[in-house]
Structures are given as structure tokens and as C-alpha cells.
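Here the structure is laid out as C-alpha cells; the discussion comes afterwards.
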Amino acid sequence: MSGFSQRYIGLIFLILFTAVLWAIVGAVYALMFFSAMMLWSVIHHIRHIVKLEQWLQYSDHTSASIPEGAGAWDDVFAYLARYVRTHSQSRQQLSLALERMQRATSAMPDGIVILDEMNRIEWCNPIAEQHLGIKQDLDSGQLIIHLVRQIPFVEYLAARKFSKPLILRQAHYHQLILMLQLVPYGYKQKLLISRDITRFERLETMRRDFIANVSHELRTPLTVIGGFLETMSDENNAEPEMNKRALVLMSEQAIRMQNLVEDLLTLSRLENDQNIIKEKEIDISGLLHDLKNEAESLSNGRHQIKLKIDTKNRLIGSQNELHSAFSNLVSNAIRYTPAGGEISINWKIKDRRGLFFVQDSGIGIEPEHIPRLTERFYRVDSSRSRETGGTGLGLAIVKHIATRHQARFKITSKIGEGSQFTIQFPTKRIISDDKQPD
Ligand code: ADP
């Protein structure tokens with residue numbers, strides 16, 4: 001039987017009992033009894049209402065703190081306890097789901113900002129804080145355009161054409177490049193997604209510059225060769241002396257193109273991750289003697305070339321790559337040192353590291369150029385580089401080879417006094433003299 005019908009039966013029973021009393025002891029006593037029962041009932045309900053009011057006002061609203069009740073109030077409080085229990089369970093589940101969602105969005109590599117109908121910030125993840133310089137605690141409720149003030153962004157927001165992303169240069173801090181995309185969702189809300197594309201953009205610029213540089217490098221010799229061929233194929237051309245000179249110049253340009261293609265192939269091999277370095281124990285002393293002979297034939301007696309080998313320690317590395325790096329440095333020293341100058345090729349151990357360095361007494365390099373010398377096609381003096389057969393790729397190749405050997409490449413120079421190019425090999429690559437078999 002339900003509590004509701006129980007309470008009706010109780011009331012009917014009270015009325016019947018009062019009627020019987022009325023018949024036996026008279027109306028006065030019967031009504032007194034009925035009034036007393038009614039008064040007791042009113043006091044009972046008021047007591048429970050006060051308990052409920054106190055619980056609603058002061059308690060922590062957990063099911064455990066719900067007061068005990070009697071009669072009808074026992075059922076009311078039991079219902080209330082059940083309701084509070086299920087409510088707090090679903091609240092817990094909801095806050096867990098919210099926490100999970102916030103943790104997931106915080107771990108995302110992209111920045112996310114939730115904007116309301118008026119483009120005010122509702123929430124953002126930590127990456128968005130870094131990208132856009134906003135603070136979730138301080139800036140929520142602020143208009144996004146008060147914090148991201150760049151004109152292209154303000155225009156993008158106003159144009160409301162969100163199908164295409166916006167590339168925002170010089171975002172929060174100077175060199176950051178961001179890709180921003182707005183995605184409308186829910187009730188007029190928007191998700192602002194930001195992605196850091198600085199690295200990608202830099203690679204893209206490098207790729208574009210590289211293609212432009214290679215085309216430029218190839219165009220000049222091709223123009224020269226094309227011009228001579230045109231002159232030579234002219235029917236009226238009957239000057240054997242001039243033709244001979246043209247052939248010499250054409251073959252010079254052909255060699256220049258060949259050198260460029262060879263350097264490009266070397267660079268591409270070095271940049272290819274699949275191309276694993278073929279290492280062996282290298283007799284540096286033998287390698288440097290060969291280098292000195294090559295340098296002397298290149299210098300053709302114009303320079304004084306010295307070899308200073310302070311150690312018999314060997315090196316673990318790729319013979320071909322190291323030969324290529326060392327000979328690039330030696331040939332640069334010859335090309336950028338005027339006749340009569342001095343060039344030394346050195347191998348020594350310092351602080352247990354292997355040092356290979358080439359020192360020259362040449363033209364030197366101004367300090368502002370030094371950090372950029374290992375960039376592809378970077379030259380201090382382009383005409384001098386080309387005149388001496390340079391491709392502008394030599395030091396980029398050296399830098400790559402040094403990196404593949406976990407070595408550091410250092411350049412020091414004084415204008416008019418000369419330069420020193422050093423490759424410093426790590427201790428783990430050095431085989432000490434006393435460890436060698438006899
Ligand atoms: P390049 O083929 O032009 O010599 P590199 O990459 O080998 O290209 O060198 C880059 C630039 O560094 C050169 O154009 C030159 O300006 C400068 N450079 C390289 N070696 C020396 C050196 N020993 N003395 C002075 N300048 C040098």
C-alpha cells in the first residue's frame with residue numbers, strides 16, 4: 001500500500017473514531033479529541049518543515065545530511081535523499097567528462113579558443129594562451145579583438161568568411177607565424193583554432209629561395225655558352241682565334257655548372273636521412289698529407305702551405321665525407337688568400353676532443369657575415385666567389401658533414417688578417433694512439 005493511501009486511511013480512521021466517541025461520550029469530548037489530534041498533526045508538520053528549511057539553508061546538500069523524518073515526512077526525506085544521490089552522481093559524471101575534455105584539449109598541439117556570439121572569450125587552452133597572448137583567468141569575457149589586434153585578424157573576423165584559414169604573421173611574439181581558422185558551432189558560438197606554422201613557412205621560404213638560387217646559378221653559364229654558340233654558328237664567322245677563346249670560356253662555364261651539380265648532389269646525399277654514414281677508423285695523418293698535395297697543385301706555388309699534425313690519434317668517421325669537408329676548407333683558404341699568403345692545415349687533440357682546423361692569412365670576413373656563411377648560396381663577395389670557381393655551397397656541405405659526425409663547426413676571422421675554420425670532433429670519435437694495434 002502506498003504512503004498516500006495509508007495517510008487517507010489514517011484520516012478516515014480518525015474521523016470514524018471521533019464519530020464513535022461523539023456517540024458514546026458526547027460532542028464536546030469528541031471534538032476536543034479531534035482538535036488535539038489535529039494540533040499534534042500541525043506541530044508534527046511544522047517541526048519537519050523547519051528541519052527541511054534548515055537543511056536547505058545550511059547543509060552541504062549531501063544525502064547523508066538529510067534529516068530523519070517520521071510518518072509522511074519519512075517518505076519525503078527518503079525521496080529527497082534518493083534525488084540528491086542521483087543528482088550528485090550525474091554532477092560528478094558531468095564534471096569528470098568536462099575535466100577529461102579540458103585535459104584532452106589542453107594536450108592538443110593546436111590552440112583552441114571558444115568565442116560567444118559577440119566574439120567574447122569564453123574559454124581557451126594553454127597553447128592558445130601562448131599563441132595569442134591571452135590569459136584564460138584574466139581575459140575570459142573580453143572581446144577577442146581587444147587582445148588579438150592585428151588588422152588582418154580583425155578583418156577576417158568581420159568578413160565572416162570562415163571557410164579559408166588566415167595566415168597571421170608576427171602574431172603574439174615577433175617571429176611566430178600562425179594559421180588561424182574559425183569554426184562556427186552550437187548556438188552562434190565559434191571555435192578559434194590556431195596552429196604554429198613557423199617551421200613549415202620557413203622551410204617553404206627556404207625551398208623557394210633554393211630553387212630561385214639554383215636557377216640563377218645555372219642561367220649565367222648557360223647564357224654565356226648560348227651566346228658563344230650563336231656567334232660560332234654564324235655563317236660569316238671565320239675567326240679561328242676567337243673561336244678557340246670561346247671554346248675555352250665555354251668549357252670554363254661547363255665546369256662551373258658541373259661543380260654546381262656535383263655540390264648539389266653532395267648536399268642532397270648528406271640531407272637524405274636514409275643515407276647512413278659509412279664509418280671507419282681514419283688515418284688523419286695520411287688524409288692530411290694527400291690534402292696538402294692537392295692544395296699545392298691548386299695554389300700552384302702562390303702560397304706557403306704548412307701541415308701541422310700534433311697527434312697520431314685516429315678518428316672514426318666517413319673517409320669520403322671528411323675528405324670532402326676538409327678539402328672544401330683548404331680550397332676556400334687558397335681562393336680567399338692573396339698570393340704570398342700562408343695557409344696551415346692542422347690536426348690536434350684539445351680537452352680530449354679532436355680539432356681539425358685550417359688557418360689562412362687571407363682577406364678575412366666581417367663579423368656580421370660569419371653566422372650566415374653556412375647558408376646555401378650565401379657569399380660575402382659573389383663576384384670573387386664565382387671568379388675562383390665557387391658554388392656558394394662549400395660551407396653548407398662542411399656544416400652538414402660536421403653535424404653528421406656530431407662535431408661542432410666554428411669560424412673565427414679578422415678582416416685583413418685571415419680566418420680560421422675549425423671542426424671539433426667529440427671524444428667518442430677519437431681513437432687514442434696507444435689503443436692502436438702495432
Ligand atoms: P664559395 O663557393 O662561394 O666559396 P662557400 O660556402 O665555400 O662558398 O663559402 C661561402 C662564403 O664564405 C664565400 O663566398 C666567401 O665569401 C666566404 N669564405 C669562405 N672561406 C673563406 C676564407 N677562407 N676567407 C674568407 N672568406 C671565406
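From a predicted model like this one, the values you see are computed outputs, not experimental measurements. Whatever order the structure lists them in is the order used to number ligands and atoms, beginning at 1.
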Please lay out, stage by stage, how E204 and R207 fare under the test salt bridge (charged side-chain N to carboxylate O under 4.0 Å, His left out). CA-CA 5 Å; E204 186 56 21; R207 190 188 65 83; 2.8 Å; yes
With distance as the sole test, does H48 use its side chain to make a donor-acceptor pair with the main-chain N or O of A70 at under 3.5 Å?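 Pair found, side chain donor or acceptor close to backbone of A70.
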Considering only protein heavy atoms, which is closest to [atom], and at what distance to one decimal place?
{"atom": "atom 23 (N) of ligand 1", "value": "D360 OD2, 2.9 Å"}
{"atom": "atom 6 (O) of ligand 1", "value": "L395 N, 2.8 Å"}
{"atom": "atom 7 (O) of ligand 1", "value": "N332 ND2, 2.8 Å"}
{"atom": "atom 11 (C) of ligand 1", "value": "Y378 O, 3.7 Å"}
{"atom": "atom 13 (C) of ligand 1", "value": "Y336 OH, 3.3 Å"}
{"atom": "atom 12 (O) of ligand 1", "value": "L373 CD2, 3.4 Å"}
{"atom": "atom 3 (O) of ligand 1", "value": "S385 OG, 2.5 Å"}

In terms of atom number and element, which parts of ligand 1 are under 4.0 angstrom from non-hydrogen atoms of [X]?
{"X": "S419", "result": "24 (N)"}
{"X": "G394", "result": "5 (P), 6 (O), 7 (O)"}
{"X": "R379", "result": "3 (O), 14 (O)"}
{"X": "G390", "result": "2 (O)"}
{"X": "T391", "result": "2 (O)"}
{"X": "I365", "result": "25 (C), 26 (N), 27 (C)"}

Within 45° of the six-membered ring axis of F210 and under 6.0 Å from that ring's centre, is NZ or CZ of R376 located there?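 Here R376 passes the 6.0 Å and 45° test against F210.
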Supply the atom-to-atom distance S419 OG to I365 CD1, rounded to the nearest 0.5 angstrom.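 Nearest 0.5 Å value for the OG-CD1 distance: 4.0 Å.
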With rounding to the nearest 0.5 Å, note down the distance linking CD in Q253 to CD in Q258.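 The CD atom of Q258 is 13.0 Å from CD of Q253, to the nearest 0.5 Å.
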At under 4.0 Å between heavy atoms, is it the side chain or the backbone of V380 that contacts ligand 1, or both, or neither?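 Answer for V380: both.
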Could you check if a side-chain atom of N328 sits within less than 4.5 angstrom of a side-chain atom of I401, using non-hydrogen atoms only?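 A side-chain contact under 4.5 Å is absent here.
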Give me the atom names and distance for the closest heavy-atom approach of L322 to L315.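 Reported closest heavy-atom pair: CD1-CD2, 3.5 Å.
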Does R335 come within less than 4.0 Å of ligand 1, judged by its heavy atoms?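 Right, R335 reaches ligand 1.
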Does at least one non-hydrogen atom of G392 fall below 4.0 angstrom from an atom of ligand 1?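 For ligand 1, residue contact (heavy atoms, under 4.0 Å) with G392 is present.
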Between N259 and R256: side-chain donor-acceptor atoms closer than 3.5 Å: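 Note: N259 and R256 side chains miss the donor-acceptor criterion.
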Donor-acceptor side-chain pairing of S285 and W347 below 3.5 angstrom: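 S285 vs W347: no donor-acceptor pair found between side chains.
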side-chain contact (heavy atoms from CB on, under 4.5 Å), paired with H405, selected from I277, I316, I423: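 Filter result, single survivor: I277.
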